[in-house]
Amino acid sequence: MKPGRFLCRILLLLAVALPALGVETTFWQVGSFDEFLQGTLTGLSLSKQGDLTLAPEARAVFNPEEPFALSLARDSRGDIYMGTGHQGKVFRVSPDQKSSLVYTAQEPDIFALAVSPDGDLFVGSSPEGKVYKVTPDGKSTVFYNPKTKYIWALQFDTQGRLYVATGDQGKIFRVDASGKGELFFDSKQTHVMCLRLDLKGNILAGSVPNGLIYRISPEGKAFVIYESSLPEVHDLAVDPQGRIFAATLGGSGTKGSPDLLMAPPQGAANGGVMTVTVTASSDSEATARGQTPPPETKNPSFNRSTPQISPAFPLQIGSGHGALIEIFPDSSAETIWSSNNESIFGLAVRNGHVLFTTDSNGRVFDLDAHSDSDKLTILTETHESLATRLLISGTDLYAATSNVAKLFKIGSSPTHEGTFESSVKDTKFISHWGVLAWRGEVPAGCTLELYARSGNSEHPDPTWSDWAGPYTNLDGNALTIPPARYIQWKSVLRTSGSDSPTLDEVTLAYLNQNLPPQIHSLIVSTSSERTGAAGASPIMPLDGRLNVTSVAGMGFGTQPQTNTTGRSPITLAWLADDPNGDQLVYALYVKATDEEEWHLLKDKLHQTSYSIDPTNLADGKYVARLVASDEESNPPALQRKAELLSAPFWVDNTPPDVNILSQNVSGASAEVHFSAEDSTSPLRSAEMSLDGQDWHDILPDDGIVDSRKETFTVKVPHLAPGEHILALRASDTSGNIGVGKAIIRIPGGGSHQD
């Protein structure tokens, strides 16, 4: 029923919960592993199948008030030891959660701890560190000095000999019970990060930077059993069947965790904690056996701030690559989990399951490693930057974290209450909320409640509504929160026994508010000018009116693009759209500036331009009004409109008047004074012609044709006796042409002047 019948059921509910509108109902559905990862889990586990259940009870049982927990060990009495950084302290936590400081080294970091069969604690310090022996009564001595920079791991074999893994020369030393040591194996790598015993008593070792896993016999004969594609093998674990599990990490151009975890050199400036920003693995659906996630996918992690304290040195762990490798007794190997933006650190095996930690909110994963299963679960989240180590003690699992250092105890029984807060959904516009429905199981003695809230700021703050709920009807509840742009929901799972409710999927319906259309421009083009609405607001309220200015270049004087004997239409063109994607219909109005009423030119327009025959309008100054409506996509009560006014434009159908002011004949020469005047438009040009010959441009008396009225003086010499016709033709900027003439009579040849 995910999502077919479930979504159909929601659609039926919405037929009652929401009215039918032009905008479409949208469904926000959360039900997959990756979708749930975008929210915040508290006290909940998340399976790869996308099921939320109550997590095993997890609580911080010890906080040493240090920045980093770097190593864990356990003795036969059940005491747990934690090595920290960067003050070189080792703490002990008893089974009843009483804690004490048992040792402080001169060196700042304790990356390695081991407990001998007789109960002595061995501490490996770095950098330039030593192996210290701490007896149960608190006495400490230097047990062995490997004379290397780093001590990364300690491991006892079945004969009680101690193996010491080091860097930065990648050597392993073997030390007997008296403290006498020798070089056991030189890997030629920079670091040997981890050590384990296999079922046959061989030493297993993981290296940096080539990501090699060695099997080394007690005689020191080494064989590479696996080469990782990632630079670092950070931890190893072996199960009772002899399978080897390896935590590998790092990315291209990195050297792995040594550069991230070690303290700065002595004398370096101390720094505050660097806030660590990590993202969740978006490839969790590809973490089944044998699948490698695509490198480009990225999803946001949980929306929470990283706790900060003030250690002596900064933590600089960033998101990287991680992979969990399973190596079978026949030496075949398989990648059973991988991520492009989570690094894997701690490892443990229990009852056929592999437990591992990552640097994304300090997650602890549980992977069923049986051959017929690929079940992966985020067991819990510590909400710290990094979960560094895992340790199993009886039925309990312990996890150490960094930034800040804590020891978490993860039991086998579910916690009594857990919550999930979804990510904030941006619906882009003010929205009305429909039904919140969910799918899951609620056994007897359990409850599952949902809540929702809304607001108009990107992140929830006091301006948001309070949480509304609880909503408990899995078939759907109509939400009772205010319309807004943003929404968030949360679920609360509770149990009074050993069973847990399960949340599989949540669907929330919403409907965007119907917004008015947006008119971005309205341009008017005539034969002589182009005007437009520049700087106008694209959205107008109903019945509103907007005054705009013309675009640069508006006005008279532009050379017409048509011939002087025809008239070009007035063309209105516009750009408009609707935020909801509704179909728009337009209406055009026009009025002269001395008129009070708008006159409809054309309605029910679907195109974005319209032409007007200028001869249909009287001369004068006009303004056009465009109204855009989404009426064809919405019922009458919800229709929205917007309007925009054009810049003013002129209609001029009357030619200029050309008149003779005076004329004078002197001998064979004549001088004529003309006037040309237009009632609406400025003049654009003037020409003269004598006796029907070709037209020639002339200039007015002031030297430029640019006014509605101009005077012209035309001098014509060397005229033959008789009658002559001098014509003056004036054109205005609307393309209208006026012509006037003067009759000139030159005496002689029997003719006389009137």
Side-chain angles (χ1 to χ4, degrees), residues 522-534 547-573 588-602 609-626 645-661 673-689 695 697-713 727-741:
L522 174 59
I523 304 297
V524 182
S525 298
T526 67
S527 62
S528 59
E529 62 179 273
R530 172 184 291 265
T531 67
N547 293 322
V548 296
T549 59
S550 66
V551 296
M554 170 194 171
F556 303 102
T558 306
Q559 194 72 14
Q561 301 299 313
T562 58
N563 59 58
T564 58
T565 61
R567 299 299 312 278
S568 295
I570 300 170
T571 300
L572 294 94
L588 273 173
Y589 300 82
V590 69
K591 74 180 184 71
T593 55
D594 60 351
E595 298 170 350
E596 295 183 357
E597 301 290 334
W598 288 99
H599 307 288
L600 178 66
L601 286 176
K602 184 70 175 177
S609 64
Y610 185 75
S611 296
I612 308 170
D613 184 347
T615 61
N616 292 336
L617 298 175
D619 289 2
K621 185 179 181 181
Y622 287 83
V623 177
R625 174 182 171 219
L626 175 70
L645 305 184
S646 75
F649 63 94
W650 291 85
V651 173
D652 183 3
N653 295 309
T654 304
D657 288 328
V658 180
N659 297 296
I660 300 173
L661 297 177
H673 296 274
F674 289 94
S675 72
E677 184 175 3
D678 193 274
S679 61
T680 304
S681 306
L683 300 177
R684 187 196 72 240
S685 64
E687 301 168 291
M688 55 131 332
S689 173
W695 291 94
D697 291 335
I698 63 171
L699 295 177
D701 294 338
D702 62 5
I704 182 172
V705 182
D706 60 356
S707 302
R708 288 195 299 112
K709 182 176 182 179
E710 300 282 358
T711 59
F712 301 84
T713 299
L728 187 139
R729 183 169 71 181
S731 300
D732 64 21
T733 55
S734 294
N736 301 301
I737 300 174
V739 180
K741 71 176 181 178

Look only at the side chain of Asp701 and the backbone of Thr713, and say whether a donor-acceptor pair between them is shorter than 3.5 Å.
-> yes
Please check if the side chain of Arg684 supplies one atom and the backbone of Asp732 the other of a donor-acceptor pair under 3.5 Å.
-> yes
How far does [atom1] of [X] sit from [atom2] of [Y], to the nearest 0.5 angstrom?
{"X": "Phe674", "Y": "Leu661", "atom1": "CZ", "atom2": "CG", "answer": "9.0 Å"}
{"X": "Ile570", "Y": "Tyr610", "atom1": "CD1", "atom2": "OH", "answer": "11.5 Å"}
{"X": "Asp706", "Y": "Ser685", "atom1": "CG", "atom2": "OG", "answer": "12.5 Å"}
{"X": "Ser679", "Y": "Asp657", "atom1": "OG", "atom2": "CG", "answer": "7.5 Å"}
{"X": "Asn736", "Y": "Thr680", "atom1": "CG", "atom2": "OG1", "answer": "8.5 Å"}
{"X": "Leu728", "Y": "Lys741", "atom1": "CG", "atom2": "NZ", "answer": "14.0 Å"}

Go through the steps to decide whether Asp702 and Glu710 satisfy the test side-chain contact (heavy atoms from CB on, under 4.5 Å), and finish with yes or no.
-> CA-CA 8 Å; Asp702 62 5; Glu710 300 282 358; 3.2 Å; yes
With a 3.5 Å cut-off and no angle check, do the side chains of Thr615 and Asn653 form a donor-acceptor pair?
-> no
Classify the side-chain pair Ser681/Ser734 by whether it contains a donor and acceptor separated by less than 3.5 Å.
-> yes
Taking all atoms of both residues into account, what is the closest heavy-atom pair of [X] and [Y], and its distance?
{"X": "Leu617", "Y": "Val651", "result": "O-CG1, 3.6 Å"}
{"X": "Pro700", "Y": "Ile704", "result": "CG-O, 3.2 Å"}
{"X": "Ala730", "Y": "Val658", "result": "CB-CG2, 4.1 Å"}
{"X": "Val623", "Y": "Pro648", "result": "CG2-CA, 4.2 Å"}
{"X": "Tyr622", "Y": "Gly620", "result": "CD1-O, 3.3 Å"}
{"X": "Trp598", "Y": "Ala624", "result": "CZ3-C, 4.0 Å"}

With sequence neighbours left out, write down each residue that passes salt bridge (Lys or Arg N to Asp or Glu O under 4.0 Å) with Glu687, or none if nothing qualifies.
-> Arg729
Within a strict 4.5 Å, meaning less than it, do heavy atoms of the Leu683 and Asp678 side chains meet?
-> yes
Should Pro655 and Ile737 count as side-chain neighbours, where that means a heavy-atom distance under 4.5 Å?
-> no
